[in-house]
A.B. asks: 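Quick one: the structure is below, questions incoming.
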Amino acid sequence: MSGERDVSFDPKEHQHLRYNPLRDSWVLVSAHRMKRPWAGQVEKPPEEHIPRYDPKNPLCPGNTRANGKVNPDYDSTFLFENDFPALQPDAPDPGVDQHPLFQTRAARGICKVMCFHPWSDVTLPLMKKQEVVKVVDKWVEILEELGATYPWVQIFENKGAMMGCSNPHPHCQVWASNFLPNEPALSDRCQRNYFEKHGEPLLLEYARQEAERKDRVVVENFAWLAVVPYWATWPYQTLLLPRRHVLRLTDLTTEEREGLADIMKQLLTKYDNLFEVSFPYSMGWHGAPTGPHLKEDNSHWQLHAHYYPPLLRSATVKKFMVGYEMLAQEQRDLTPEQVTQMFPQKFIYF
């Protein structure tokens, strides 16, 4: 009968498609491909020794940046406007083109850089819990400030040279824009459609299901859940979710902020232990839109963070999104369930 699962089907051996409800797209899972030999590109291992203070590092306390400004001798978080911003608040309006194939719109905003800690040789999992709480508190403060005006505030971290990080210093970026970018706009539509059809937020129900099933849970605490999502594309991709219905970072309670610091330290330490290196990744927060959207009903939204690490087989072999992925659809080489089992239970700090 059509739709019934063949009893011989094994997700670890047989290719199959999985649906991503956040993007209304499908992912091809081909776990048997991990058996193929690898003779391709090998990356340089991460730098083992990073000095605590480097007089040439523009993010260190007291150092001079490219624009001539001098950093204060900060001892906690430090926020400043990006010296080379992708968005500027006073950019001129390009006007509207008449032809539908040549459309242009105004793009305005502000870009900031936020240092997590004054030391260059630490990362979030190596910081004390209360130091991570200060990072979370600063995120909330930034979102509250910029979100009062801008429709979207994107907080993201690129960790490691493999992810394009040019300065070995614990930091993230914050870009606020006068438009809703492609990914959150797509997520907004998908979450709204699910809410209208099922009467509850997509990711709230998803977190509840994952907490019960346990198949893809990497780490959890009283307020948060980190899972390898059922529809993950990147091999060690994870999704960080609050257990209760939360629209934005600004809606978190004091206890939930502390719980977030705790689960981030645990998750990122598990990442570091996978291949015994400081694990590279790109991460970012998605929550309900801000600015003019603050007055709208955004009940369909659920706050969440995406972690996208590039590694596949080891600290020096990464997943390439090329060929079929670029021209057809996303494809992964391990099942999310297999990956979940690979996360170590004991911690060693690198």
Side-chain angles (χ1 to χ4, degrees), residues 22-23 58-59 65-67 69 71 74 77-94 104-117 123-124 134-189 191 234 237 239-240 247-252 260 264 280-294 296 298 301-310:
L22 281 178
R23 305 193 77 254
L59 299 183
R65 304 200 305 274
N67 62 357
K69 293 185 178 180
N71 297 333
Y74 63 92
T77 60
F78 169 49
L79 181 71
F80 62 93
E81 291 197 19
N82 196 315
D83 298 330
F84 303 97
L87 294 165
Q88 296 176 327
D90 54 357
D93 194 322
T104 308
R105 292 182 181 178
R108 299 187 181 94
I110 189 169
C111 298
K112 293 180 178 286
V113 177
M114 174 186 159
C115 295
F116 297 153
H117 196 280
T123 56
L124 279 172
K134 290 181 179 179
V135 171
V136 174
D137 289 342
K138 197 65 177 179
W139 283 343
V140 172
E141 180 184 320
I142 296 169
L143 181 61
E144 191 166 24
E145 174 193 342
L146 298 179
T149 304
Y150 290 101
W152 188 255
V153 181
Q154 184 61 65
I155 298 171
F156 65 97
E157 177 191 5
N158 295 324
K159 178 173 177 279
M162 195 181 292
M163 298 309 296
C165 182
S166 57
N167 294 303
H169 192 91
H171 71 285
C172 72
Q173 296 188 56
V174 184
W175 293 13
S177 61
N178 69 332
F179 57 91
L180 197 60
N182 293 339
E183 288 299 315
L186 177 57
S187 182
D188 178 78
R189 176 174 63 81
Q191 290 182 84
W234 294 92
Q237 176 180 335
L239 183 65
L240 184 55
L247 298 185
R248 305 175 180 90
L249 282 167
T250 49
D251 298 324
L252 296 175
L260 175 55
M264 285 173 59
Y281 59 76
S282 278
M283 72 80 66
W285 284 101
H286 279 182
T290 50
H293 303 284
L294 291 170
E296 301 173 355
N298 286 285
W301 265 94
Q302 174 73 333
L303 175 69
H304 58 283
H306 295 282
Y307 283 85
Y308 297 129

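Start at 1 with the first residue, then count along the sequence.
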A.B. asks: So does Asn182 have more than 12 non-hydrogen atoms from other groups sitting under 6.0 Å from CG?
C.D. replies: no
A.B. asks: Specify whether Phe156 and Trp175 have parallel, tilted or perpendicular ring planes, treating 30° as the upper limit for parallel and 60° as the lower limit for perpendicular.
C.D. replies: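 Answer is perpendicular, since the angle exceeds 60°.
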A.B. asks: Any pair with a residue in residues 161-182 that passes salt bridge (Lys or Arg N to Asp or Glu O under 4.0 Å), sequence neighbours left out, goes on the list, sorted by first then second residue, please.
C.D. replies: none
A.B. asks: When you compare the side chain of Glu145 with that of Val153, does any pair of heavy atoms fall below 4.5 Å?
C.D. replies: no
A.B. asks: Does the side chain of Leu260 reach to within under 4.5 Å of the side chain of Leu240, using non-hydrogen atoms?
C.D. replies: yes
A.B. asks: I'd like to check Trp139 versus Cys172 (side-chain heavy atoms, cut-off strictly below 4.5 Å). Are they in contact?
C.D. replies: yes
A.B. asks: Using side chain to side chain contact (heavy atoms under 4.5 Å, CB included), reason through Lys159 and Tyr307 one step at a time and then give a plain yes or no.
C.D. replies: CA-CA 11 Å; Lys159 178 173 177 279; Tyr307 283 85; over 6 Å; no
A.B. asks: Which pair of heavy atoms, one from Trp301 and one from Leu247, lies closest together, and at what distance?
C.D. replies: O-CD2, 3.4 Å
A.B. asks: Aromatic rings His304 and His306: how do their planes relate, parallel, tilted or perpendicular, breaks at 30° and 60°?
C.D. replies: perpendicular
A.B. asks: Taking only residues at least two apart or on different chains, which pairs with a member in residues 166-187 satisfy salt bridge (Lys or Arg N to Asp or Glu O under 4.0 Å)?
C.D. replies: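 Pairs touching residues 166-187 that pass the test: Arg23-Glu183.
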A.B. asks: I want to check something: taking the side chain as every heavy atom from C-beta on, are His169 and Cys115 in contact at a cut-off of under 4.5 Å?
C.D. replies: yes
A.B. asks: For residues 280-287, dump all side-chain donor-acceptor pairs below 3.5 Å to protein atoms at least two apart in sequence or in another chain.
C.D. replies:
residue : atom : partner : partner atom : Å
Tyr281  : OH   : Glu157  : OE1          : 2.9
Tyr281  : OH   : Glu157  : OE2          : 3.3
Ser282  : OG   : Asn158  : OD1          : 2.6

A.B. asks: Is there a side-chain contact between Phe80 and Arg65 (heavy atoms, below 4.5 Å)?
C.D. replies: yes
A.B. asks: For Arg105, does the CZ atom have more than 12 heavy-atom neighbours from other residues, nucleotides or ligands under 6.0 Å away?
C.D. replies: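 Result for CZ/Arg105: open.
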A.B. asks: Quick check: closest heavy atoms across Met162 and Pro310, and the distance to 0.1 Å?
C.D. replies: SD-CG, 3.6 Å
A.B. asks: Could you tell me whether the side chain of Met114 reaches within less than 4.5 Å of the side chain of Ile155, counting heavy atoms only?
C.D. replies: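 Sidechains of Met114 and Ile155: no contact.
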